[in-house]
There are 4 protein chains.
Amino acid sequence: MKSSTAKTPDTSRRSERSRTAILQASMELVGEVGYNKLTIEAIASRAGVGKQTIYRWWPSKAAVLLDAFTATVDSDEYANGIPDSGDLEADLKAVLRATVDEFTDPSFEAPYRALAIAGAADAELAAQFAERLTGPGFAVYERRLRAAQEAGQVDPDLDLSLATELLLGPFQQRWMTYYRPLTYEFVDDLVDMALRAFAPR
Amino acid sequence: MKSSTAKTPDTSRRSERSRTAILQASMELVGEVGYNKLTIEAIASRAGVGKQTIYRWWPSKAAVLLDAFTATVDSDEYANGIPDSGDLEADLKAVLRATVDEFTDPSFEAPYRALAIAGAADAELAAQFAERLTGPGFAVYERRLRAAQEAGQVDPDLDLSLATELLLGPFQQRWMTYYRPLTYEFVDDLVDMALRAFAPR
Amino acid sequence: MKSSTAKTPDTSRRSERSRTAILQASMELVGEVGYNKLTIEAIASRAGVGKQTIYRWWPSKAAVLLDAFTATVDSDEYANGIPDSGDLEADLKAVLRATVDEFTDPSFEAPYRALAIAGAADAELAAQFAERLTGPGFAVYERRLRAAQEAGQVDPDLDLSLATELLLGPFQQRWMTYYRPLTYEFVDDLVDMALRAFAPR
Amino acid sequence: MKSSTAKTPDTSRRSERSRTAILQASMELVGEVGYNKLTIEAIASRAGVGKQTIYRWWPSKAAVLLDAFTATVDSDEYANGIPDSGDLEADLKAVLRATVDEFTDPSFEAPYRALAIAGAADAELAAQFAERLTGPGFAVYERRLRAAQEAGQVDPDLDLSLATELLLGPFQQRWMTYYRPLTYEFVDDLVDMALRAFAPR
DNA sequence: GTTTAAGCGAGACGGTACGTCTAGTCTTACG
DNA sequence: CGTAAGACTAGACGTACCGTCTCGCTTAAAC
């Protein structure tokens with residue numbers, strides 16, 4: 001056998017400056033040219049970095065972008081969770097309306113869609129995408145629903161995980177397939193309909 | 001502007017033999033190598049056709065594949081609609097279980113996913129995809145729900161279009177993002193939960 | 001087996017325009033940057049040609065340069081041979097002095113040296129180099145010596161081939177290794193000494 | 001200009017162990033893979049040495065190889081000179097036949113050719129090569145010819161330096177350009193022909 | 001029936017980006 | 001400070017496809 005060494009580079013010597021420049025260049029470029037026309041060469045050039053430095057640390061341009069995107073989001077997004085005013089309907093509508101806004105802002109939408117597409121084409125990447133972005137996103141809804149459940153506002157036997165899918169699936173489907181526009185009205189109606197499914201019997 | 005002649009080739013002289021060979025080769029190849037590694041050159045070569053013959057009639061490889069896929073589906077799929085046994089729950093579960101099977105069969109899944117991905121990356125294609133595949137698919141659910149509505153089994157004020165999204169969105173989301181496995185149990189639970197949202201008040 | 005086809009491109013469809021542009025660009029660039037810094041990419045770029053067009057028709061940059069150089073020389077150089085004034089010594093000195101001039105002109109010397117070096121490193125290329133450049137060059141000397149032999153000016157048993165090597169070897173050695181400068185005096189002395197070896201006994 | 005310090009490292013602290021390992025690795029590798037595929041990285045790796053240690057002490061891989069090769073030759077080769085049996089022809093044929101053997105042995109030929117090629121491409125290196133290898137080699141022939149001259153066996157006015165070039169030039173030319181094979185017959189004939197040029201008038 | 005012009009298979013073309021390789025420099029930790 | 005190790009910027013390598021562009025050949029429509 002060749003050997004198990006020679007594979008992984010020494011993380012402790014990694015250039016933080018290069019890493020940062022690459023992630024930033026990726027985010028800039030994906031916004032400028034879109035994912036399909038995003039090239040490793042362009043990232044390297046924009047970042048002032050050798051191509052090899054990218055290939056050394058990431059297996060694909062999707063992986064670069066996932067890191068880049070995660071870096072810009074990680075901090076804030078999932079920390080606080082959904083506010084709990086006691087009014088579930090209002091809270092869900094508020095957060096979903098905010099999400100509509102987010103998915104309407106190209107600087108967020110472009111890289112996120114790029115990643116979603118890359119994930120759809122590559123199950124392994126999809127797993128990472130789910131773990132680092134979708135998963136935490138769903139979790140905050142689940143948490144809010146649990147609070148509502150404990151407050152007796154939704155059915156005590158409700159499967160919260162599936163409930164979250166019921167709520168977010170239609171949203172994600174519209175967005176991903178351009179099936180219909182993402183509007184406040186849509187999410188309001190969606191919440192109304194979903195809450196009827198969640199209601200205590 | 002260019003003259004209006006140069007644009008559209010003469011459809012009447014088109015070689016049916018070539019057209020068929022191209023569609024068939026596309027379907028074969030997308031199954032063998034996946035969408036990303038599917039190349040026009042390979043399609044042309046497999047079909048025994050010049051590259052130009054493809055470029056003459058289709059604007060992109062996605063368009064080729066859409067035609068190819070549509071050709072294999074068109075006939076049967078949407079003709080009959082969802083059977084109406086009078087038991088909405090049973091009917092929906094039956095058809096969704098069948099859909100699970102379909103989306104688990106690689107020879108169907110591979111090209112369909114390819115198209116979904118291509119659509120996610122290109123709104124124009126997405127429109128065609130919606131019109132020719134998603135739309136008719138959703139319509140059959142809507143029709144069945146309407147029958148149920150007329151039979152008084154679901155709320156008379158229910159927005160049938162949104163209801164269909166509530167039912168199929170979670171399914172599509174799981175499938176597209178590999179979020180979780182598509183199982184009979186999942187669709188059964190999904191139907192159960194959705195029907196509570198649809199129920200007359 | 002893969003097949004014996006697919007290898008050789010169709011010569012009849014070759015673009016003469018591209019071929020010419022490539023050869024010319026090669027000659028220009030080798031003069032500007034030298035052989036070691038001559039790159040296929042630069043040739044392609046200068047010639048306004050895709051890299052593949054070079055790789056399609058030549059196996060290496062040395063082969064390109066050999067063609068390029070041969071094309072500039074072929075026509076004239078070896079056609080006439082060495083003039084025969086009846087005075088062997090004068091004729092040899094004249095042609096060798098002319099050769100000194102040639103090897104002192106960088107526009108000739110640079111590509112020729114490049115090829116000689118490439119040949120020294122690759123026996124296969126050396127064979128082509130010998131066949132197309134060195135060989136014909138040696139042959140004209142041999143012919144002139146043969147005339148002298150028939151005129152009784154050199155030993156009738158002289159091995160003309162070896163005699164040519166005796167005459168040109170020291171020249172080539174000086175040039176190739178920068179051992180000492182190539183001057184008129186050197187070639188004059190060389191002819192004088194060699195002729196003593198050629199003289200009838 | 002940079003300060004004058006930065007240039008030359010402190011020789012007294014140089015690691016002899018590293019120097020030796022580098023030279024040895026160079027000789028091994030040039031025999032194994034040839035000059036063109038000889039890389040600094042491979043030398044460093046084989047020698048168990050950092051690349052910088054090579055770059056610190058040598059300006060190019062050719063310079064490394066020149067040192068490496070010289071180290072293996074220096075001692076013996078030129079010490080004794082050509083034996084003088086009194087029979088010039090026999091002595092020259094003997095030593096040239098031995099040289100044929102040497103240039104037929106790949107373990108000698110490979111690095112020597114590598115250096116010759118590097119020299120042909122770089123006049124500065126060529127000067128070093130001439131001074132340390134070619135020059136001394138030619139000198140031993142000159143010395144033997146001088147002895148013959150003093151013994152009245154060759155023309156007293158013979159230019160011994162040029163005579164040496166006449167003798168070795170054809171040999172070098174054959175070898176360097178693969179023009180024709182290096183055989184005993186060739187060198188015998190070469191000596192015969194050259195001696196006629198050297199003979200007293 | 002012949003003519004003629006389009007579509008056709010084939011594949012060379014100018015390009016772009018790929019992922020790999022090596023050069024030569026720079027950084028870190030050690031002795 | 002020299003060293004071993006190895007990450008870094010830079011850029012050429014040879015390959016794979018892109019979409020366009022001839023080439024002759026075949027073939028259906030218009031004469």
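Residue numbering restarts at 1 for every chain, and letters A, B, ... go by the order of the sequence lines. The structure displayed is predicted, hence computed values, not measured ones.
Taking the side chain of A:Ser18 as heavy atoms from C-beta on, and the options F:dC17, F:dT9, F:dG14, the nearest nucleotide is F:dT9. Out of E:dG7, E:dA10, F:dA12, the shortest distance to the side chain of C:Glu41 is found at F:dA12.
Rounded to whole Å, the distance from CG on D:Asn36 to P on E:dT22 is 12 Å. The interatomic distance linking A:Tyr55 (OH) with F:dT9 (P) rounds to 15 Å, in whole Å. Distance CG (B:Asp10) to C1' (F:dT27): 12 Å, rounded to an integer number of Å. Computed from coordinates, the D:Glu16 CD to F:dT3 P distance equals 11 Å when rounded to whole Å. Between the CD1 atom of D:Ile54 and the P atom of E:dC26 there is a distance of 18 Å, rounded to whole Å. The nearest whole Å value for the distance from the CZ atom in C:Arg56 to the C1' atom in F:dA16 is 12 Å. Between the CH2 atom of B:Trp57 and the C1' atom of F:dT20 there is a distance of 18 Å, rounded to whole Å. C:Gln52 has its CD atom 17 Å from the P atom of E:dA17, to the nearest Å.
Using a distance-only test at 3.5 Å, with no hydrogens or angles considered, a donor-acceptor pair links the side chain of B:Thr20 to the main chain of B:Glu16.
The phosphate of F:dT22 (OP1 or OP2) has no side-chain N or O of C:Ser15 nearer than 4.0 angstrom. OP1 or OP2 of F:dT22 has not a single side-chain nitrogen or oxygen of C:Arg13 nearer than 4.0 Å. Proximity of C:Thr53 to the phosphate of E:dG14: a side-chain N or O atom is located under 4.0 Å from OP1 or OP2. At E:dG19, none of the side-chain N or O atoms of A:Trp58 fall inside 4.0 Å of OP1 or OP2 (strictly under the cut-off).
Closest-nucleotide positions on DNA chain E for D:Ser60 and A:Leu38 were compared, and the one nearer the 5' end corresponds to A:Leu38. Heavy-atom nearest nucleotides on DNA chain F were determined for B:Ala42 and for C:Ile40, and the one closer to the 5' end corresponds to C:Ile40. Take the nearest nucleotide of DNA chain F for C:Pro59 and for A:Gly50: the residue whose nucleotide is more 5' is A:Gly50.
Among the protein residues, B:Ser12 comes within range of no part of the nucleic acid, since none of its heavy atoms lies under 4.0 Å from any strand. Using a 4.0 Å heavy-atom criterion, one finds that D:Arg14 contacts the sugar-phosphate atoms exclusively.
Residues B:Gln128 and B:Glu124 have side chains that never bring a donor and an acceptor to within less than 3.5 angstrom of each other.
Summarising the geometry, atom CD1 belonging to C:Ile40 is positioned 8.5 Å from atom NZ belonging to C:Lys51; distances are rounded to the nearest 0.5 Å.
For B:Lys51 against F:dG19, a side-chain-to-base donor-acceptor contact under 3.5 Å is present.
Note that A:Arg14 lies in the cation-pi zone of A:Trp58, set by a 6.0 Å cut-off to the ring centre and a 45° limit from the axis.
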Going through the distances and angles, do D:Ile22 and D:Arg46 end up as a side chain to side chain contact (heavy atoms under 4.5 Å, CB included)?
-> CA-CA 8 Å; D:Ile22 288 164; D:Arg46 171 78 62 103; over 6 Å; no
